[in-house]
Protein chains: 2
Amino acid sequence: MNEDVKDLNLSVVKAFTLLDAFTMDKQEWGVRELAIKKGYNKSTTYRLLNTLESLGVLQKNDNDKYLLGLKLFELGNLVAIHKTLRKYSRTPLENIAREIKETVHFGVLDKNQVLYLNKTESPQGLKVSTQIGSYQKAYCTAIGKVLLAFLPEQKLADYLQTVSLDACTANTITNRETLQKELQKIRVQEYALDMEELELGLICIAMPVYNNRGEVIASISVSGPSSRFKLENIENYISIIKKGAQAIEANIY
Amino acid sequence: MNEDVKDLNLSVVKAFTLLDAFTMDKQEWGVRELAIKKGYNKSTTYRLLNTLESLGVLQKNDNDKYLLGLKLFELGNLVAIHKTLRKYSRTPLENIAREIKETVHFGVLDKNQVLYLNKTESPQGLKVSTQIGSYQKAYCTAIGKVLLAFLPEQKLADYLQTVSLDACTANTITNRETLQKELQKIRVQEYALDMEELELGLICIAMPVYNNRGEVIASISVSGPSSRFKLENIENYISIIKKGAQAIEANIY
DNA sequence: AAACAGTGTTTCATATAATGAAACGTTTTA
DNA sequence: TAAAACGTTTCATTATATGAAACACTGTTT
């Protein structure tokens, strides 16, 4: 946590630490509960929240609870990195979803995790739902395994050394050597499968997206419940996803 | 500026003031230039930027310049308010754009300005391009005029009293009474036109989106260059946009 | 090659501004 | 009706943000 002890502005750190408490699962916070949650003094928390509200970073609900505010929406839309990727992935993802009728995700690797940049949800009732902008473990998702597989050798080695391979389901790869072999296989076949490795009942298939220097910069996945997702369709899926990947590749540098 | 003199955390205010310097037009900032721009001390600016970087709010470029970071992308995607609107506007906007082949915008009123929540760009070369999450003056845009027209009486009165009607082009409505009459007309006909009132050569048509209590909560617009945008097509445009508005209305509460 | 200008970075004494315990109003719950 | 729960304000204290100046590094100019 306190790695470098650089001389940071503590108030600003606290402010963003407070903001981190706002998640999909808990979108509303009162002063007191947030102070307790983060271990800050009530007064401090109160003033920070107040400050953030006056900046439009937070806004108050009817219940006097705080919510993330539109300033963050504004700033979030200005983030330059990956913006192009998001923009040009939209239509191809939709085309894939239309053909396969399952949820399609688009992500990159950031800080050794999968960062979801875009998605198109399945039109069907039973579907996967991931939060855009959220992170997920790389080693147990199809997208993540694709991105890991095509990582430069040294970066992959670093990852494999430092990552903690916790089991999410009984199928999760928790052994470094097994993972290494899996990644080798993915490099050859140019797609990755996630056979309920992250979540029981959830199967995904992912393929790489290349830039024009031949580097893998992103990945597309299709996810569905194991009840629908039949392995005999894989060849079909692959060709549809490949088409989408190429459509994205045509637009990026 | 210093309206209430509430006791705010100044560091946090400064941090966000720095972030506000990052715009579409200027996405990169160095320490020194940003310090000068905001009138802060170089050391202070340096430390704030450093802090923000360590939080992932900013990230460094190759050139040692700072860019908005992925933390903001993450937070921006969690902003609950208007999220539903964004989600359900996507497909209808695309359908409109496909039929009309012009850029389609979707926005709400926030702090008396138009906040753009979503868009689908025209497939044609010559097109309007607005930044999602950005704000625009209400009184000289079609979306804005629709949203003003259906504002509760008191709120509209407040707006008309306080707004400064600056001319953007020769066509901008700069007279309060003229604007009031225009809004009256919009209420009746249920659509607004922007005849080069914001920008020369740019014409827009906008229509309201209602919630199920009959209140106007958002607006859809179609924008195109005056060279293409013919008034004889208006009836056609109206019916296409109306269809889109209804598709959105079907999904929101 | 030396001087210079333009950067980011670090230092350190100083004063400002963030801090927290406690008290104060409200509203909600028992 | 008491008590608990919550947001808000106060005020003395001390922690910490501050800024001028020096430093280090880079590329440009003379």
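Residue numbers begin at 1 in each chain, while the letters A, B, ... track the order of the sequences.
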Let me know the distance between [atom1] of [X] and [atom2] of [N], rounded to the nearest Å.
X       : N      : atom1 : atom2 : answer
A/Asp7  : D/dT18 : CG    : P     : 10 Å
A/Asn63 : D/dG7  : CG    : C1'   : 14 Å
B/Tyr40 : C/dA17 : OH    : P     : 13 Å
B/Leu10 : D/dA17 : CG    : P     : 12 Å
A/Lys14 : C/dA18 : NZ    : C1'   : 8 Å
B/Lys37 : C/dT7  : NZ    : C1'   : 20 Å
A/Leu8  : D/dA15 : CG    : P     : 19 Å
A/Asn41 : C/dA21 : CG    : P     : 6 Å

Whichever of B/Arg47 and B/Trp29 has its nearest DNA chain C nucleotide further upstream toward 5': B/Trp29

Between A/Glu33 and A/Lys26, is the closest basic N to carboxylate O distance under 4.0 Å? yes

Below 4.0 angstrom, N of the basic side chain to O of the carboxylate: do B/Asp20 and A/Lys71 qualify? yes

Of the options D/dG7, D/dT18, C/dG20, whose atoms approach the side-chain atoms of A/Tyr46 most closely? D/dG7

With sugar-phosphate meaning primed atoms plus P, OP1 and OP2, does A/Lys65 contact a base, only sugar-phosphate, or nothing at under 4.0 Å between heavy atoms? nothing

With sugar-phosphate meaning primed atoms plus P, OP1 and OP2, does B/Ser43 contact a base, only sugar-phosphate, or nothing at under 4.0 Å between heavy atoms? base

Looking at B/Lys60, I want to see if its NZ is surrounded by more than 12 non-hydrogen atoms of other residues, nucleotides or ligands under 6.0 Å. yes

